[in-house]
Amino acid sequence: MAGYILRRVLQAVPVLLGTTFLIYFMVFAMPGDPIVALFGDKTPNPAVIEQLRERYHFDQPFIVQYLLFLKGIFVGDFGISFSGQPVTEILAKTFPVTLRLAALAIFFEMIAGIGVGLIAGLRKGKFFDSSALAVSLILISVPVFVIAFVAQLVFAINLGWFRATVGPGAPLQDLILPALVLATISFAQIQRLTRSSVIETSGQDFVRTAASKGLSRRRIVPVHILRNSLIPVVTYLAVDFGTLMVGATVTEGIFNVPGVGRTLYQAIIRGERPTVVAFVTVMVLIYLVVNLLVDLLYAVLDPRIRYAK
Amino acid sequence: MSSVTRETDGNTVNSQNDERPILEIKDLEVGFNTQNGLVKAVDGVNITLYRGQSLAIVGESGSGKSTTAHAIINLLPGTGKITGGSIKLDGQELSTATPKEMEDIRGRRIGFVPQDPMSNLNPVWSIGFQVEEAIRSNGIASGKKDVRARAIEVLKQAGLGDADRRLKQYPHQFSGGMRQRVLIGMGLAANPQLLIADEPTSALDVTVQRVILDHLETLTRDLGTTLLFITHDLGLAAERAEQLVVMYKGKVVESGPSVKILKDPQHPYTQRLVAAAPSLASRRIQASDTPLAELDIHAPAEAEVVDLIATAEARAEAREHAADLPPAIVVEDLTKVYKIRGSGEFKAVDNVSFQIAKGTTMALVGESGSGKSTVAKMLLKLEDATSGKIIVGGQDLNALGGKELFNLRSRMQPVFQDPYGSLNPLRNIGNTISEPMSVHGVGTRKSRQARVFELLDQVSLPKMLVSRYPNELSGGQRQRIAIARALALKPEIVILDEAVSALDVLVQAQILRLLADLQAELDLTYLFITHDLAVVRVIADHVAVMQKGKIVEYSSTDEVFDNPQQQYTQDLLAAIPGASIELAS
């Protein structure tokens, strides 16, 4: 097991190098001079521009810039943003917010998706099942920003249950509404996935054997049906968590969440090379870690899967 | 039909002295709701079983035998439900019992051993967990230690020696035979009065099957458990149960003492079953010099008698003049080594050599894991040999380039075991059969079409099937399609990898007959791979017995059957169910 993890971590190194190089190159190739753009309509002093160029290493050839950036990563220095803030500081401020938001969203979609999916699967073709299908089809078809605006209007403005936008420091209670909105997207998938998985498992021979041993329905459903059905669902949840962690730009924008999505979007608009590259690097890292965790989780959930040394 | 049932029912009752039957099924009807309304799977079944007795329900797939078993414990699949009749366990009505009452009966009073050991244990829980929950839910023991102790006891009883060490292991770490022991242990965990064993060994190798059944027999005798046994194998049923109930299309066609039914079957269906059962038929060849005449007397005029003995006779004639022709296949010192990560090498096939003369059949026999299918794969060049030579029609397989290999494939065709898995469900029968011809660019569209009809005719299927899809056909029909596809390119060699193992006995007999006819007609060479020695006798000229990758015995069929040299072959022969039953009257 330890050997397997080590191998996976080593495999991540070339992936990380490749992706950062690609991203760095693409940001480098973006048209326009970011320093000039920084001053907007004003005409900056050429000496100031020169100074800024030097500070951000823009006077160096591309490959030197990239190597300097790599060197920075190893010492935990992602450079300085155009606003003068170290990028590491921005990372440290935004990722925890997104982590909370993603965790909340996963929590909601897990409870609702697995719960509804299980009942729908056990009552295949009955009223509950058909209604769950109808609801999930509606949720899948409506774009997320529509759901977000409607939720904001109804629950925050009309009913006043939540604040319409997230306040400073992004407290947990303010994140509930955006998390619910995010959860609706995956709720439909999880629910359908759980349902089909439950139906498949229910028809398995070992479920009948469990009943023939004299087990009650109350034991068979969680122990022999749900546990087996959750294997694909948990994988989906983990991947979904990775997606949420790299930011839900639209939802974060609507609810004014100071998270990864919104910050990255603004950095791209401003052409802030260090910030964009740093964020994307961290995202790639998160994806790699989540993928490794999913694979390890597989082995925990299904004893048939064991990774060789 | 009903008159037969009633007569023999009388016999059953007379022979017992215990007044109250432990299980009494009267006029049982079970239906499944389908799009076409209610379909009856079990139609008026009567079974009476007394304490300490053993009874076997025999029938082919779809006869309703398993449905009857599931109805008893009220675990009918899908839309199935009991629509009439009664099931009494020791006087208590089961068909109207509440779910709670049934939960108490299952496991505690009726044990159940399911068919397929591979799919009947939950893969994500340990063996110990699954045995322990059966013990706990039936109130046999409580408290962690007691439950564990009982679990070990139960597994040891079922023949799993090192049970305490194995509790923590998972089903996938167990062999099929070991899993079946676990299932038997679970079925008997609460000492039930009645044990229903639904084809408990049909997924296992014959020698394992025998050991497990012997064990089950002693165990149920010692515990005083009444055994209800369900099987498709008449020989097995007769060997293991005192009483037989033969089911056909949801009805009981014959019932009575086992030996009596085998020796003197009354119903035409039972007669056909007795004639077709390979294990019994092969005994008959030895038992009588004039088997054909004997059988004809019993055969009803209207029934199509599929007779394995006639098949065997026809083969014997063809074999006469095959000896001096050059061999179609020569295999020399064939070895296949698989590298296993972490634990070195595994020799799946070890120095195997044999020859098959043109127009004859060689059977490659062995249990699962013996390497017989790997030999087939190497012959078909689906796997590369590690070392050794394969010469097909004078050409060395290893020396062939892509183009020559492609041409060779048209002369050597496979038929695989599972007729459900080997046909593409999205292609109709016509396309399936003509595909090899279009791949090899044989003929025009029109001539291929004509050839498809010809082939369908050869495998005795109606022409109208060309536009049908595999899911609309029965298992036997599908296997005929697979054979037709294999014959499409007019091959010289057909490799049959367990080609009849998945089929019911009657269908199996038909396919074996068809293969023999086609061989005589088209001068085909067969390599027949099987785990079932019983069918070997009627189809093969030579037999090679494989064990752990090596050929341990290689001789003519008669030699192997009459005078087996190796202990392993003798074990295999002794394990053929029904072989010990004397049929000659």
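Note that this is a predicted model, so its numbers are computed, not measured. In what follows, chains are A, B, ... by sequence order, proteins preceding strands, each numbered from 1. The figures here come from the full heavy-atom set of this structure, side chains too, leaving out hydrogens, waters and symmetry mates.
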_Nearest non-hydrogen partners of B:Leu227 and B:Leu49, listed with the distance_ = O-CD2, 4.2 Å

*Which bit of A:Val223 is near chain B, if near means a heavy-atom gap under 4.5 Å: side chain, backbone, both or neither?*
both

*Is it the side chain or the backbone of B:Gln130 that comes within 4.5 Å of chain A heavy atoms, both, or neither?*
both

*From CA spacing to verdict: salt bridge (charged side-chain N to carboxylate O under 4.0 Å, His left out), B:Lys100, B:Asp104*: CA-CA 7 Å; B:Lys100 182 78 194 62; B:Asp104 289 341; 3.3 Å; yes

*asked:* Closer than 3.5 angstrom, by distance alone: can the side chain of B:Arg179 be matched with the main-chain N or O of B:Phe174 as a donor-acceptor pair?
replied: yes

*Any donor-acceptor N/O pair, A:Thr19 side chain to A:Leu16 backbone, under 3.5 Å*: yes

*Examine whether an atom of B:Ile73 lies under 4.5 Å from a heavy atom of chain A, and if so say whether it belongs to the side chain, the backbone or both; otherwise answer neither.*
side chain

*Against chain B, label A:Leu301 side chain, backbone, both or neither, depending on which of its atoms sit under 4.5 Å from a heavy atom there.*
backbone

*Contacts of residues 65-72 of chain B with chain A (heavy atom under 4.5 Å)*: B:His70

*Donor-acceptor pair, A:Thr184 side chain versus A:Val181 backbone, under 3.5 Å?*
yes

*Report yes or no: is the cationic atom of B:Arg106 (NZ for Lys, CZ for Arg) closer than 6.0 Å to the six-membered ring centre of B:Phe112, at no more than 45° off its axis?*
no

*Residues of residues 209-221 of chain A under 4.5 Å from chain B (heavy atom pairs)?*
A:Thr209, A:Ala211, A:Ser212, A:Lys213, A:Gly214, A:Leu215, A:Ser216, A:Arg217, A:Arg219

*Checking heavy atoms, do the side chain of B:Ile135, its backbone, both or neither come under 4.5 Å from chain A?*
neither

*B:Asn138, part contacting chain A, at a heavy-atom distance under 4.5 Å*: side chain

*In terms of heavy-atom pairs under 4.5 Å, which option from B:Arg108, B:Glu103, B:Glu133 contacts chain A the most?*
B:Glu133

*Would you mind checking which part of B:Pro77 comes under 4.5 Å of any heavy atom in chain A, side chain (CB onward), backbone (N, CA, C, O), both or neither?*
neither

_What I want to check is whether the side chains of A:Thr201 and A:Asn228 have a donor and an acceptor closer together than 3.5 Å._
no

